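In what follows, a structure is listed as structure tokens, so that the remarks can point back to it.
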Amino acid sequence: MDDSGKKDAGRDFIRRTVEEHNRTGKFGSKVHTRFPPEPNGYLHIGHAKAISLDFGIAHEYGGLCNLRFDDTNPERENPEYVESIKEDVRWLGYDWGEREYYASDYFEQLYEFALDLIRKGVAYVDSMTPDQIREYRGTPTEPGTNSPYRDRSVGENLDLFERMRAGEFEEGEHVLRAKIDMAHPNINMRDPTMYRIRKVSHHRTGDRWCIYPTYDWAHGQSDSIEGITHSLCTIEFENHRPLYDWFLDQLEVHHPQQIEFAPLNITYTVLSKRKLAELVREGYVDGWGDPRMPTIAGMRRRGYPPEAIRDFLERVGVSKTESVLDIEMLEFCVREVLNRSAERRMVVLDPVKLVIENYPEGQEETFEAENNPEDESAGTRSMPFTRELYIERGDFMEDPPKKFFRLAPGREVRLKHAYYVTCTDVIKESDGTVRELRCRYDPESRGGGTADGRKVKGTLHWVSAHHAVPIEVRTLGHLFTVDRPDRIGEEEDWRDYINPESRQTNRRAPAEPAVGHLRPGERVQFLRHGYFCASDEASDSGLPVFNRTVSLKDTWAKMRQKGKA
RNA sequence: UGGGACGUAGGCAAGUGGUUAAGCCACCGGGUUUUGAUCCCGGCAUGCGCAGGUUCGAAUCCUGCCGUCCCAGCCA
């Protein structure tokens, strides 16, 4: 790819490294990456960062990116997760072609590699218990101790390892370990485990194996086998790089370059698979694809466009500093895409009836409303207008402050695309709540403007009461009440900070007729409220469900909050 | 007296010894507007974790210190 138009400034350290390799011909100027998820959960926005880097960099430099499932732990992995991962990567807009691989495809090769290391005298079968192994490992500040089994002969190791594979031993009886250095300052180098016995069947290899390679043993070699040039991963694996390098050097095989970057964190949510799984398991959300979840599936259901997620990731950039992104930045990217692409519709979330006293009973006319002011080609739709309408309860105040320019007794406002109306009377319930607003309209203002050019400050959305289509609207907020729920200490329970109001449901909101034609997955802007996505979820009442993707910016609400109005 | 990494604005992030330290989000002003949306204009680090040093010149080089993160799974 031609990057000459891009100046060097702004290019991140990974791309610079890749370019340096291309310049020196380190990998024959080839670039081949891979995205290596473990199929033990759904993908989230943090994975999307890795995906956009892995696929993005490969594409930019004319290379390829593989999708490889690192399925070395049969106890936690299953096909449902591999399917969801494939769907999510595809939805994000990336294509791995025919290159769908599995670490489990390499089990035989990995076994041969292990035999090789045993023969070289740098791997041995250890027969200590897990507890003993832990004790012998030492601590970060104290060196470990050699296992009494460390000096078994090559012949004995070969025999034992083959019998481990044959199933002659029980789980925990033996493990295969690399023989490196029990006093190494990097704990990962203190004879790490390569194989453990697990008598469970694997989602792809079934019962063919009862010994499974650890991630540390399988990962680097899998990259090598696939001819990966640049193994991008998060900084938590920086400490493991010396081990991966050691394995590759001992084996004398193709040696990819691992490059670590900082993982993504976002305010008001958690991004650890363990916690996400807990939210699902304990019923705080309705599954991995709940629209409040930061999973790809959740964001899809919530209405986040994939291009907005990609744009967000590009803006964030990549570095090695521990970073926490304001959720506002993601929301900005979502609004930007939706503003230019989502059609407008009118829905009243908290309705109050408005009756136009001088509008003939039984009369009906239709107005053509633009579908998207940002895109003329989106055309128009018809909106029926009648004497009785619904408007937003919050758009009326009996005793308004100065800067409130919506409806109030004696005030004139514009009903978007329709007429100017002036409030003449307020009818209340016995408890004082407003039941109905009486207005008069100006026939001269048809279409929403008058020849005299008089100023009308407020413009309200409305729905004809007779034509209203009821829908269920779910207003989604942050999943947590604090900006850094991932930072809750051990003494506290992070679940105490789950936002009990993260989903607020309006079970029967009147919508204009055109809303009735929306199909699940379609994204629209409900005027003056926000962007919403028609959901495939079912409501109790059988009404169509709309999830709020993100609200519109609300300067008025902000002014009120700060007490300026 | 363990090892590895990282500190530039409220949040990200360019900057790789040489004019007034990019840009984005947020925030604060102002203009336009039939969405208090969008859009447009302007503001927002005499300062780069701190302290010394080298240099004509330092966010960039050196020394020391401080802070944060990761590592003691037969998880990934």
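Convention: sequence-line order gives letters A, B, ...; per-chain numbering from 1. Quick caveat: nothing in here was measured; it's all calculated off a predicted structure.
Among the nucleotides C28(B), G36(B), C25(B), the one closest to the side chain of Phe332(A) is C25(B). The side chain of Trp556(A) approaches G36(B) more closely than any other nucleotide in the set G36(B), C12(B), A76(B).
When Watson-Crick and G-U wobble pairs are counted only if both distances are under 3.5 Å, G18(B) pairs with C56(B). Remark: U63(B) base-pairs with A51(B). Criterion, Watson-Crick or G-U wobble with two distances under 3.5 Å. Remark: U68(B) base-pairs with A5(B). Criterion, Watson-Crick or G-U wobble with two distances under 3.5 Å. In this structure, G42(B) and C28(B) make a Watson-Crick or G-U wobble pair, each of the two defining distances being under 3.5 angstrom.
Contacts of Met128(A) with the nucleic acid, taken as non-hydrogen atoms under 4.0 Å apart, include base atoms. Counting any heavy atom pair closer than 4.0 Å across all strands shown, Glu171(A) reaches no nucleic acid atom. As judged by a 4.0 angstrom heavy-atom cut-off over every strand, Ile197(A) is placed among residues making no nucleic acid contact. Counting any heavy atom pair closer than 4.0 Å across all strands shown, Gly317(A) reaches no nucleic acid atom. As judged by a 4.0 angstrom heavy-atom cut-off over every strand, Arg198(A) is placed among the base-contacting residues. Within the nucleic acid shown, Pro373(A) comes within 4.0 Å of at least one base atom, counting heavy atoms only.
Neither OP1 nor OP2 of A72(B) sits under 4.0 Å from any side-chain N or O of Arg190(A). Within the structure, every side-chain polar atom (N or O) of Ser319(A) is placed at least 4.0 Å from both OP1 and OP2 of C12(B). Note on Arg137(A): a side-chain N or O is less than 4.0 Å away from OP1 or OP2 of C74(B). Put simply, Lys558(A) has a side-chain N or O that comes within less than 4.0 Å of OP1 or OP2 on C27(B).
With hydrogens and angles left out, the side-chain atoms of Arg152(A) and Ser127(A) include a donor and acceptor closer than 3.5 Å. Between the side chains of His529(A) and Glu392(A), a donor-acceptor pair is found at a separation under 3.5 Å.
Taking the six-membered ring for Trp and thresholds of 30 and 60 degrees, His240(A) and Tyr244(A) have ring planes inclined between 30 and 60 degrees apart. Phe526(A) and Phe546(A) have tilted rings, their planes meeting at an angle from 30° to 60° on a 0 to 90° scale. A perpendicular orientation is assigned to the rings of Trp288(A) and Tyr81(A), their planes being inclined by more than 60° (bins at 30° and 60°).
Two residues, His174(A) and Ala557(A), neighbour RNA chain B, and the one matched to the more 5' nucleotide by heavy-atom proximity is Ala557(A).
Here the separation of C39(B) from C6(B), taken at their P atoms, is 37 Å to the nearest Å. Rounded to whole Å, the separation between the C1' atoms of A51(B) and U38(B) comes to 50 Å.
Between the side chain of Arg335(A) and the base of U38(B) there is no donor-acceptor pair of N/O atoms closer than 3.5 Å.
We find that OH of Tyr244(A) is positioned 12 Å from C1' of C71(B), with the value rounded to whole Å.
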(message) Would Tyr149(A) and Arg177(A) count as a side-chain contact (heavy atoms from CB on, under 4.5 Å) here? Give the steps.
(response) CA-CA 10 Å; Tyr149(A) 303 98; Arg177(A) 291 229 255 171; over 6 Å; no
